[in-house]
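Everything below concerns the one structure shown next.
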Amino acid sequence: MPELPEVETVRRGLTRLVQGATIDHVDVYYAKMVRPDAEIFTADLIGRKIEKIDRRGKYLLFRFSGNLTMVSHLRMEGKYDVQPEESPIPKHTHVIFHLTDNRELRYNDTRKFGRMRLVETGTEDVELPSLGKLGPEPTAETLTLAYMQQTFGKSHKVVKPFLLDQSRIAGLGNIYVDEVLWLSKINPLTPADTLTKDQLGTLRQNIIAEIAMAIKGHGTTVHTFSTAFGEAGNFQNHLHVYGHEGEPCERCGTEIVKIKVAQRGTHFCPHCQPYPPEALEEMQDD
DNA sequence: ACGATATCCTGCTTGC
DNA sequence: TGCAAGCAGGATATCG
């Protein structure tokens, strides 16, 4: 599942391959994937030049000539690749951007969860409310401790779904949330407003460092992610808890457990990340 | 306004 | 062996 580091890796690969290329025409094979409807979508893109590719959180923003932006979200399994036009078309290819140099930019998505949206450049924050409401990027400059103290302090939500909320911090997904909580020795069921300043400082440092390291490693190949640009993601070698249930914790040897928190699979070490009193009380009730 | 829940999809895993 | 049911999950819509 692409999270921020994977999307950034895709952005860099696409920039290298198709920045400056011009769209000849577009074929949409799965109409629900695009907006406005496929007819308008394909008509609007004819003759446009890909001037730049930006990213915000997990969203890709293709900047086209003529003030047009395509906002693309890969969701679970979306992938782009660039192929010569004679190359066979795989089963789950849903959109093909035919370029004028006889190459094709193809969008593949097994589960059809990804979405593309065409808007006038500059209006994306309004046209896509979830994009406009994104929290700060997880970097040292943009994610300040003061911001974290303020936002965490105001919420009773438990920290796992809190960190998955893109309007709080942009770009974290299920894998990296489990990882940074393990690194920070914070139980995923801890209410956000009970975290101390020290804990928030540790969490902040781990988020920033983990995302930066994952970008350096070209993302993770957990499940079906690969960059398709000749840069195989190798970050899975650095995962400590995600997908490691039943294995000993690298720090203390206690068995890593997997539970459900807010409907999401959640991995942690019950010794290094002890349950908060709130969670223990809830467990008494059962 | 907020939280909880259902929905979208397909492929893989699990269980009988 | 075969097949049905269960599970995975980011964003969004809907309900209370």
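Proteins get letters first, then strands, A, B, ... in listed order; numbering begins at 1 in each.
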Inset, instruction - Decide, applying a 5.5 Å centre-distance limit and a 30° plane-angle limit (both strict), whether F113(A) stacks on dA11(C). - result: no
Legend entry - Derivation of the side-chain contact (heavy atoms from CB on, under 4.5 Å) call for K157(A) and D165(A): CA-CA 10 Å; K157(A) 226 190 212 184; D165(A) 183 346; 3.7 Å; yes
Legend entry - Minimum-distance nucleotide to Y59(A) side chain [options: dG10(C), dC9(B), dT12(C)]: dT12(C)
Legend entry - Closest nucleotide among dG3(B), dA11(C), dG9(C) to the Y242(A) side chain: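 Nucleotide nearest to Y242(A)'s side chain: dG9(C).
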Inset, instruction - With heavy atoms under 4.0 Å as the rule, sort K133(A) into base, sugar-phosphate or nothing. - result: nothing
Inset, instruction - Could you tell me whether G265(A) contacts a base, only the sugar-phosphate backbone, or nothing, with contacts defined as non-hydrogen atoms closer than 4.0 Å? - result: sugar-phosphate
Looking at [X], does any N or O in its side chain come under 4.0 Å of the phosphate oxygens OP1/OP2 on [N]?
X       : N       : answer
K58(A)  : dA11(C) : yes
S130(A) : dA11(C) : no
K32(A)  : dC9(B)  : yes
Q263(A) : dT5(B)  : yes
Q166(A) : dA11(C) : yes
R264(A) : dG10(C) : yes
Y30(A)  : dC9(B)  : yes
H92(A)  : dT10(B) : no
K91(A)  : dG11(B) : yes

Legend entry - F97(A) and F62(A) aromatic ring geometry - parallel, tilted or perpendicular at 30°/60° bounds: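 Answer is parallel, since the angle falls under 30°.
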Legend entry - Side-chain donor or acceptor of Q150(A) paired with backbone N/O of Y147(A) under 3.5 Å: no
Legend entry - Residue pairs passing the ring-ring contact (aromatic ring centres under 6.0 Å, His included) test where at least one lies in residues 28-50 of chain A, sequence neighbours excluded: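 Output for this query lists Y30(A)-H94(A).
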